[in-house]
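Beneath this line is the structure, given in structure tokens, with notes to follow.
Residue numbering restarts at 1 for every chain, and letters A, B, ... go by the order of the sequence lines.
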Protein chains: 2
Amino acid sequence: MNYEEAKNKFISTWGSLGSLWGINKAMAQIHALLLISPEPLSMEDIMEELHISRGNASMNLRQLMDWGIVFKENKIGERKEYFTSEKDVQELAKQIAKERSRRELQPTIKILNDVSNINEDGSDKTKELIKQTKALHEMAETLDIMMNKVVGQGNNWITKALVKLVK
Amino acid sequence: MNYEEAKNKFISTWGSLGSLWGINKAMAQIHALLLISPEPLSMEDIMEELHISRGNASMNLRQLMDWGIVFKENKIGERKEYFTSEKDVQELAKQIAKERSRRELQPTIKILNDVSNINEDGSDKTKELIKQTKALHEMAETLDIMMNKVVGQGNNWITKALVKLVK
DNA sequence: TTAAACTTTCAATGTTTTTTGAAAGTTTAA
DNA sequence: TTAAACTTTCAAAAAACATTGAAAGTTTAA
């Protein structure tokens with residue numbers, strides 16, 4: 001496999017993986033491209049490499065910046081904007097975990113909490129609803145703590161120790 | 001909030017969360033319904049509760065069984081098939097983690113491995129591609145271990161200890 | 001056997017999401 | 001100021017994905 005093949009394989013894999021994880025293909029592909037690019041790229045560069053339209057590039061770059069994993073960069077003496085991705089995968093994971101917690105997990109936790117606090121009326125179905133949503137609530141909170149405190153935090157020794165322990 | 005409201009809220013929340021996690025809405029809703037149902041339900045019951053067609057119910061039930069989180073059950077003397085979900089959320093998480101590892105993470109790890117092993121040709125871009133895919137490969141393997149060995153395994157004391165440690 | 005009771009399949013249809021591209025908007029240099 | 005260089009927005013088109021429902025398939029009781 002030569003460089004071009006490897007690059008394309010990586011970009012398209014990352015792209016289809018992205019959609020499984022709730023971000024769209026173009027967004028994931030732009031991210032993949034920036035991640036392996038030693039130099040910042042302009043919007044023009046990105047459109048060309050990935051064969052996507054200007055609008056598409058613009059919108060997805062914005063989303064990536066909202067996620068905090070892609071940044072604008074300005075070359076002195078140039079009007080054009082350039083983009084780079086967070087290159088440290090530890091930091092990348094931290095940022096992604098943090099955002100997914102905020103966008104998905106926390107709203108879910110709130111609803112699980114509301115639902116699990118309805119009035120116990122003695123019926124089987126109410127008991128089951130309360131029991132199961134309580135259990136999910138507890139699990140979601142554990143997961144939330146993991147995502148915010150364990151992933152990518154400076155205390156990465158925890159992960160290493162854990163992996164050694166269970167491997 | 002009464003039982004009906006709470007139930008509907010739970011089902012629709014679980015349904016839209018599902019699509020964020022890569023399974024479709026009907027599938028997630030069927031799962032939610034079975035999770036809080038004290039009795040096994042027939043396909044008819046499910047179609048009625050969720051207002052979905054027979055075909056839809058059939059296909060998504062099959063997928064849930066493929067994921068190993070929903071089971072067929074036969075009532076004696078009855079021809080009809082009934083369905084229940086895995087009720088233990090710990091076991092549920094284990095099963096989901098295992099399947100996602102198998103379906104998504106492991107194929108990705110393989111590709112990251114292939115890509116990170118291309119010939120180093122001395123160019124900056126090749127160096128960067130190798131460096132980044134190696135880092136992602138390592139991270140993906142750590143995550144894979146976590147998903148298969150830590151989540152839901154009998155050794156749940158690990159999770160508890162970890163949460164206490166970092167909370 | 002047969003036929004009733006049930007489940008599965010799949011082409012057609014409907015829905016949602018993504019993408020395009022051209023017009024509107026913004027910034028900067030002169 | 002103006003106009004060139006660039007970015008953003010958004011309605012319309014395309015693509016992807018989910019759902020329906022009727023026909024085909026399967027199982028079981030008699």
Side-chain angles (χ1 to χ4, degrees), chain A residues 11-34 39-67 70-84 103-104, chain B residues 11-34 40-67 70-85 103-104:
Chain A
I11 290 174
S12 74
T13 304
W14 212 239
S16 47
L17 200 71
S19 54
L20 279 166
W21 286 80
I23 70 175
N24 80 39
K25 199 180 71 172
M27 190 172 152
Q29 289 189 344
I30 293 172
H31 177 250
L33 177 62
L34 291 174
E39 298 296 323
L41 300 179
S42 69
M43 208 150 90
E44 215 73 42
D45 296 335
I46 292 167
M47 290 163 57
E48 214 167 284
E49 282 271 10
L50 303 176
H51 305 285
I52 60 175
S53 71
R54 189 173 294 287
N56 201 354
S58 170
M59 287 175 124
N60 284 302
L61 279 166
R62 170 122 77 90
Q63 285 207 73
L64 286 164
M65 290 188 288
D66 291 347
W67 273 75
V70 160
F71 315 106
K72 260 186 199 163
E73 207 156 288
N74 283 87
K75 293 197 181 176
I76 44 170
E78 283 222 52
R79 176 86 69 85
K80 221 182 294 187
E81 293 175 324
Y82 286 81
F83 301 89
T84 357
R103 292 168 195 229
E104 298 160 35
Chain B
I11 291 174
S12 75
T13 305
W14 211 240
S16 46
L17 200 71
S19 54
L20 279 166
W21 285 82
I23 71 175
N24 80 38
K25 199 179 70 172
M27 188 171 155
Q29 289 189 344
I30 293 173
H31 178 249
L33 178 61
L34 292 173
L41 301 180
S42 69
M43 209 151 91
E44 216 72 41
D45 296 335
I46 293 167
M47 288 163 58
E48 216 167 280
E49 282 271 9
L50 303 177
H51 305 285
I52 60 175
S53 72
R54 191 173 292 286
N56 200 354
S58 170
M59 286 175 123
N60 284 302
L61 280 166
R62 170 124 76 92
Q63 285 207 75
L64 286 164
M65 291 187 287
D66 290 348
W67 273 74
V70 160
F71 314 106
K72 262 187 197 161
E73 206 157 289
N74 283 87
K75 292 197 182 174
I76 44 170
E78 283 222 52
R79 178 85 70 84
K80 220 182 291 185
E81 292 175 323
Y82 287 80
F83 301 89
T84 355
S85 115
R103 293 168 193 228
E104 298 159 36

Verdict with reasoning, B/R54 to B/M47, per side-chain contact (heavy atoms from CB on, under 4.5 Å) = CA-CA 6 Å; B/R54 191 173 292 286; B/M47 288 163 58; 3.8 Å; yes
Practice problem: Tell me, with the steps shown, if B/N60 and B/I52 meet side-chain contact (heavy atoms from CB on, under 4.5 Å). | Solution: CA-CA 11 Å; B/N60 284 302; B/I52 60 175; 5.7 Å; no
Give the intermediate values and the outcome of side-chain contact (heavy atoms from CB on, under 4.5 Å) for residues A/L50 and A/N56.
-> CA-CA 11 Å; A/L50 303 176; A/N56 201 354; over 6 Å; no
A correct dot-bracket answer for DNA chain D, with pairs being Watson-Crick or G-U at under 3.5 Å, [ ] for crossing pairs and | for inter-strand pairs, is ||||||||||||||||||||||||||||||
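Within the 4.5 Å cutoff, the side chain of B/I46 has heavy atoms near those of the B/L61 side chain. Considering only heavy atoms from C-beta on, B/W67 stays 4.5 Å or farther from B/L64 through its side chain.
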So which protein N/O to nucleotides 17-19 of chain C N/O distances come out below 3.5 Å?
{"from": "C/dT19", "atom 1": "OP2", "to": "A/N56", "atom 2": "OD1", "distance (Å)": "3.4"}
{"from": "C/dT19", "atom 1": "O5'", "to": "A/N56", "atom 2": "ND2", "distance (Å)": "3.4"}

Shorter than 3.5 Å, N or O on both sides, protein versus nucleotides 5-7 of chain D: list them out with atom names.
{"from": "D/dA5", "atom 1": "N3", "to": "A/R79", "atom 2": "NH1", "distance (Å)": "3.3"}

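Within the model, atoms CE of B/M59 and CD1 of B/I30 stand 12.0 Å from one another, a figure rounded to the nearest 0.5 Å. Atom CD of A/E73 and atom CD of A/E78 lie 12.0 Å apart (nearest 0.5 Å). Within the model, atoms CD of A/E49 and CD1 of A/I11 stand 6.0 Å from one another, a figure rounded to the nearest 0.5 Å.
None of A/L33, A/L41, A/D45, A/L34 except one satisfies the side chain to side chain contact (heavy atoms under 4.5 Å, CB included) rule with A/F83; the exception is A/L34.
Between the CG atom of B/L61 and the P atom of D/dA18 there is a distance of 16 Å, given to the nearest Å.
Around CZ of A/R62, the count of heavy atoms belonging to other residues, nucleotides or ligands within 6.0 Å does not exceed 12.
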